[in-house]
Amino acid sequence: ERDDASTDQPALGSLTFSARELAHTTECVLVKGPQGSGKTAMLKQLYSDLLSQQKVPVYINGIRLKNSSAKEIEKLIQTCIHEQYAGADALQAEQSHPKNRVLLVDNLDRYSFPARYLSQVLAHFNLQFSRVVATVDSSFDLQEIFLGEDQPALQGFEQMRLPETGFSQRYELVTKWFELSQSSPLLDQQIEMADRVISRVLGRGLVPSHPIYVLILLQGIEAGRVGELENSALGHYYEYMILEALNPKIRPEHLHEILN
């Protein structure tokens, strides 16, 4: 959805729909959302859609934006092109016209240089690419960073927000989880049961309705440990993921020692 108070603006829907919608727009877009909301997955889908349109997408993780000089930014772009394209394709991507190139910047808000230089970095991107699609955390606001300044680099940047996973998308995710993991006459009942449990947890407002939390709940349901999560707050979900990753490698009696 667009990041303003209007209720009649078109919204970004599922991850696939969002990516395809963005693939056909000509605007520069800033997609906002909390960690785990699917921003990176959306960019990956967008990357694929752009390739199918004969465009030249280039993906950059904002963590790699450590220097704001045009020389260093150009070097980073070239490095990313050679990481993502091989042989003749890399050369073709390097020599492609800016109107055919689209820059996808994940975690734009993770840059390391002073904020006052962000506008010149965006200006350089605008020279090298027909448009930029960037993802940032929900709290990031370009207008606040450049408050009171006339910044041409901001013109044409549309700020949008990824909505939480709706009922239909959530049910589709639950269905795919069980269809991939098993096939049994009780499949429909298992899907309905899992969906009821997840709806109950999300309905209490303990965790947001983002894909990562739905997947954690599905993992807990499948392992018979949903009780640990059903009445837990957000922090416990991250603890659960850490413990699940450590369990196959570390004895249970050693977990407390490691965590403390």
Side-chain angles (χ1 to χ4, degrees), residues 1-3 9-13 15-33 38-65 67-111 113 117-136 140-143 145-146 150-162:
E1 58 188 10
R2 298 183 190 277
D3 191 28
Q9 298 284 11
L12 293 176
L15 294 181
T16 301
F17 175 78
S18 299
R20 288 177 180 169
E21 180 182 81
L22 290 175
H24 289 89
T25 186
T26 58
E27 299 174 330
C28 290
V29 179
L30 195 70
V31 181
K32 304 168 72 172
K39 301 187 297 294
T40 299
M42 182 203 66
L43 285 185
K44 289 180 178 179
Q45 179 63 55
L46 176 56
Y47 193 103
S48 176
D49 289 342
L50 289 167
L51 282 175
S52 67
Q53 294 178 25
Q54 307 303 311
K55 298 293 184 181
V56 182
V58 178
Y59 173 92
I60 294 179
N61 192 318
I63 296 173
R64 302 176 74 173
L65 294 171
N67 191 307
S68 61
S69 74
K71 180 180 179 181
E72 291 300 316
I73 293 298
E74 187 59 32
K75 185 187 298 184
L76 176 59
I77 291 171
Q78 298 306 316
T79 298
C80 291
I81 286 176
H82 283 274
E83 289 174 353
Q84 296 161 37
Y85 297 87
D89 289 337
L91 181 61
Q92 187 175 356
E94 277 187 309
Q95 297 176 347
S96 61
H97 195 281
K99 70 178 182 180
N100 293 321
R101 300 165 72 178
V102 179
L103 180 63
L104 309 179
V105 186
D106 204 5
N107 307 307
L108 174 63
D109 49 336
R110 301 288 296 277
Y111 60 85
F113 47 78
Y117 297 126
L118 180 57
S119 61
Q120 71 184 46
V121 171
L122 293 177
H124 186 80
F125 287 158
N126 287 335
L127 290 174
Q128 298 296 321
F129 298 88
S130 61
R131 60 193 180 93
V132 179
V133 178
T135 67
V136 293
F140 184 81
D141 194 328
L142 277 176
Q143 301 296 342
I145 291 178
F146 303 130
D150 181 20
Q151 296 292 345
L154 290 181
Q155 294 177 4
F157 253 102
E158 178 108 31
Q159 296 194 56
M160 308 183 81
R161 188 180 299 274
L162 270 178

Legend entry - Residue pair Arg101 / Ser96, side-chain heavy-atom distance below 4.5 Å: yes

Legend entry - Polar side chain donor-acceptor pair, Gln45 to Asp49, under 3.5 angstrom: yes

Inset, instruction - To the nearest 0.5 angstrom, please state how far the NZ atom of Lys32 sits from the OG1 atom of Thr135. - result: 12.5 Å

Inset, instruction - Supply the atom-to-atom distance Tyr47 OH to Leu104 CG, rounded to the nearest 0.5 angstrom. - result: 8.0 Å

Legend entry - Gln84 side chain vs Tyr59 backbone, donor-acceptor pair below 3.5 Å: yes

Inset, instruction - Answer yes or no: is there an ion pair linking Glu83 with Arg64, defined by an N-O contact shorter than 4.0 Å? - result: yes

Inset, instruction - Carefully, step by step, assess Ile73 and Leu65 under the rule side chain to side chain contact (heavy atoms under 4.5 Å, CB included). - result: CA-CA 8 Å; Ile73 293 298; Leu65 294 171; 3.9 Å; yes

Inset, instruction - To the nearest 0.5 Å, tell me how far Leu122 CG sits from Cys28 SG. - result: 8.5 Å

Legend entry - Spacing of Ser69 atom OG and Gln120 atom CD [to the nearest 0.5 Å]: 8.5 Å

Inset, instruction - Any chance you could measure Arg131, atom CZ, to Phe125, atom CZ, to the nearest 0.5 Å? - result: 15.0 Å

Legend entry - Over all atoms of both residues, closest heavy-atom pair of Ile77 and Phe129: CD1-CE1, 3.7 Å

Legend entry - Point-to-point distance, once rounded to the nearest 0.5 Å, from CG of Leu108 to CZ of Phe140: 5.0 Å

Inset, instruction - Kindly say whether Asp109 contributes a backbone atom to a donor-acceptor pair with the side chain of Asn107 at under 3.5 angstrom? - result: no

Inset, instruction - Check Ala90 against Ile81 and note the closest heavy-atom contact, atom names and distance. - result: O-CG2, 3.7 Å

Legend entry - Presence of salt bridge, Glu72 and Lys75, under 4.0 angstrom: yes

Inset, instruction - Measure across Lys55 and Lys99 and return the closest heavy-atom pair with its distance rounded to 0.1 Å. - result: NZ-O, 3.9 Å

Inset, instruction - List the atom of Gly33, the atom of Lys39, and the distance in Å for their closest heavy-atom pair. - result: O-NZ, 2.8 Å

Legend entry - Minimum heavy-atom distance Cys80-Ile60, with the two atoms named: SG-CG1, 3.6 Å

